[in-house]
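In what follows, a structure is listed as structure tokens, so that the remarks can point back to it.
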Amino acid sequence: MRVLVTGGAGYIGSVVTEELVRDGHEVVVYDSLYKGHRGAVVAGAQFVEADLLDGERLRRAFREGRTEAVIHMAADSLVGESVTNPAKYYRNNVVAGLALLDAMNECEVRRLVFSSTAATYGEPEKQPIEESDPTHPTNTYGQTKLAFEHALPWYEKAYGIRSVSLRYFNAAGATAHCGEMHNPESHLIPIILQAAMGTRDAVEIYGEDYPTRDGTCVRDYIHVVDLARAHILALDILDERSAIYNLGCGGDGYTVKEVIDAARVVTGCEIKVRVGARRAGDPAFLVASSARIKQELGWSPQFQDLSLIIESAWKWLQRHPQGYNE
Ligand SMILES: NC(=O)c1ccc[n+]([C@@H]2O[C@H](COP(=O)([O-])OP(=O)(O)OC[C@H]3O[C@@H](n4cnc5c(N)ncnc54)[C@H](O)[C@@H]3O)[C@@H](O)[C@H]2O)c1
């Protein structure tokens with residue numbers, strides 16, 4: 001298939017692109033590089049450096065690439081920033097998203113896989129979270145992703161654009177070429193590994209008085225390759241139907257302390273921690289159920305073991321201590 005990946009120079013998008021190219025798909029990466037890295041764009045993919053809001057460039061990319069499907073990863077995704085600067089999030093996650101849909105419609109591209117988020121659920125009433133659970137986002141990030149999701153059935157009804165929205169929490173891990181390099185870094189595993197490497201003083205734990213097995217928050221981590229495979233698998237159903245799927249590690253998830261302990265074993269480093277106060281709006285448990293996508297699409301994660309996830313990220317960081325070195 002000829003696939004355009006928005007945000008394909010970012011963390012997850014680069015791995016999606018890598019897997020698509022490996023499978024023999026023709027890929028155009030469409031990324032403004034405002035957060036991504038030129039060095040993350042996988043060899044074998046075409047690269048267009050432009051913003052989603054540049055409708056003319058986007059339509060040209062669709063026409064020149066004879067695009068058949070879009071995997072939409074480009075977004076802003078910092079929870080805290082989304083609350084203090086909602087305008088930025090509505091603009092990039094909703095307005096730019098709708099510009100993408102308009103260009104798809106105009107160029108007759110009718111297949112979309114959307115990288116949504118489990119932040120659409122807000123503070124869940126039960127664990128693990130299922131697709132039928134209520135969506136009450138507690139931050140602008142989750143709200144803007146949900147707003148875009150809500151447009152999708154209407155665009156399908158009127159314009160025939162089918163979509164699969166994938167809702168998940170924490171992508172983690174790396175491949176040999178692609179790894180996680182956000183600035184600022186807000187994700188736990190790279191923060192822990194920076195502390196292991198000595199480029200960060202310590203890992204801050206936000207609260208150890210939660211009603212969990214060791215008092216720290218329980219979260220869900222999925223290897224980025226498993227996430228990428230789910231995005232590619234989702235392309236297969238778009239000739240027939242639209243869907244929403246969760247992706248999660250299921251089971252009991254992992255506490256913050258368990259992740260730190262696993263990283264100590266993998267890296268052989270000490271990893272200092274500092275225990276601080278709880279952050280407002282951090283639920284004790286956030287774990288998504290993958291039962292539906294497993295049953296309906298046969299998705300089966302290959303790297304579920306937390307040590308494997310951390311090990312892949314650690315290897316990547318050691319090979320790329322300065323990130324992509326642009
Ligand atoms: N990282 C996670 O744990 C996680 C969890 C759930 C959902 N997601 C979603 O997955 C997607 C990718 O996340 P990531 O961690 O790889 O993010 P990232 O910041 O590494 O990548 C996003 C990419 O999109 C590009 N981009 C952003 N806005 C753009 C625009 N208007 N036009 C063109 N390019 C633009 C950036 O330059 C960047 O390369 C996002 O949609 C995010 O909401 C991520």
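Order of appearance sets the numbers: ligands from 1, and atoms from 1 within every ligand. Values reported hereafter were calculated over all heavy atoms of this structure, with side chains retained and with hydrogens, waters and symmetry mates removed.
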For ligand 1, which atoms have a heavy atom of [X] less than 4.0 angstrom away?
X    : answer
S115 : 9 (C), 10 (O), 11 (C), 41 (O)
S77  : 42 (C), 43 (O)
N170 : 3 (O)
G36  : 36 (C), 37 (O), 38 (C), 39 (O)
D51  : 30 (C), 31 (N), 32 (N), 33 (C)
L33  : 37 (O)

Check each of [options] against [atom] and report the one with the nearest heavy atom.
atom                    : options              : result
atom 8 (N) of ligand 1  : Y34, F148, Y30, Y168 : Y168
atom 27 (C) of ligand 1 : G7, A172, A75        : A75
atom 35 (C) of ligand 1 : A96, C178, A74, G142 : A74
atom 21 (O) of ligand 1 : A9, S32, G10         : G10

Protein residue, atom and distance nearest to [atom], heavy-atom basis:
atom                    : value
atom 7 (C) of ligand 1  : S116 O, 3.1 Å
atom 3 (O) of ligand 1  : A171 N, 2.9 Å
atom 43 (O) of ligand 1 : Y141 OH, 2.6 Å
atom 40 (C) of ligand 1 : M73 O, 3.1 Å
atom 32 (N) of ligand 1 : L52 N, 3.0 Å
atom 18 (P) of ligand 1 : H182 NE2, 3.7 Å
atom 13 (O) of ligand 1 : I12 CD1, 3.8 Å

Exercise for review: Anything under 30° is parallel, anything over 60° is perpendicular, the rest tilted; go ahead and classify F303 against H223.
Suggested key: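 Because their plane-to-plane angle lies in the 30° to 60° range, the rings of F303 and H223 count as tilted.
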Review point. Should the ring pair Y324 and H320 be called parallel, tilted or perpendicular, given that the plane angle runs from 0 to 90° and is split at 30 and 60?
Key: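 Tilted, since the angle between the ring planes falls between 30° and 60°.
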Review point. Quick one: does Y11 get an N or O within less than 3.5 Å of an N or O on ligand 1?
Key: yes
Does [X] belong to the same Ile/Leu/Val/Met/Phe/Trp/Tyr cluster as [Y], with side-chain heavy atoms less than 4.5 Å apart forming each link?
X    : Y    : result
F114 : L58  : yes
V266 : I191 : yes
L98  : F62  : yes
L235 : M73  : yes

Point to revise | Derivation of the side-chain hydrogen bond (donor to acceptor under 3.5 Å, both in side chains) call for D282 and Y210 | key: CA-CA 10 Å; D282 258 351; Y210 284 92; 4.6 Å; no
Is a donor from one side chain sitting under 3.5 angstrom from an acceptor on the other, for [X] and [Y]?
X    : Y    : answer
E81  : Y89  : yes
E180 : H187 : yes
T120 : E149 : no

Please work out whether any backbone atom (N, CA, C, O) or any side-chain heavy atom from C-beta onward of [X] is under 4.0 Å from ligand 1, and answer side chain, backbone, both or neither.
X    : answer
F169 : backbone
D31  : both
E180 : neither

Counting C-beta onward and ignoring hydrogens, is there a side-chain heavy-atom pair between [X] and [Y] closer than 4.5 Å?
X    : Y    : answer
E106 : R63  : yes
I12  : Y168 : yes
F148 : N93  : no

**Study point:** Option from V41, V29, I71 for which side-chain contact (heavy atoms from CB on, under 4.5 Å) with T17 holds
**Key:**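 Running side-chain contact (heavy atoms from CB on, under 4.5 Å) over V41, V29, I71 with T17 returns exactly one hit, V29.
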Review point. Is atom NZ of K157 surrounded by more than 12 heavy atoms (other residues, nucleotides or ligands) closer than 6.0 Å?
Key: no
4.0 Å heavy-atom contact, [X] with ligand 1:
X    : value
H187 : yes
K145 : yes
A50  : yes
N92  : yes

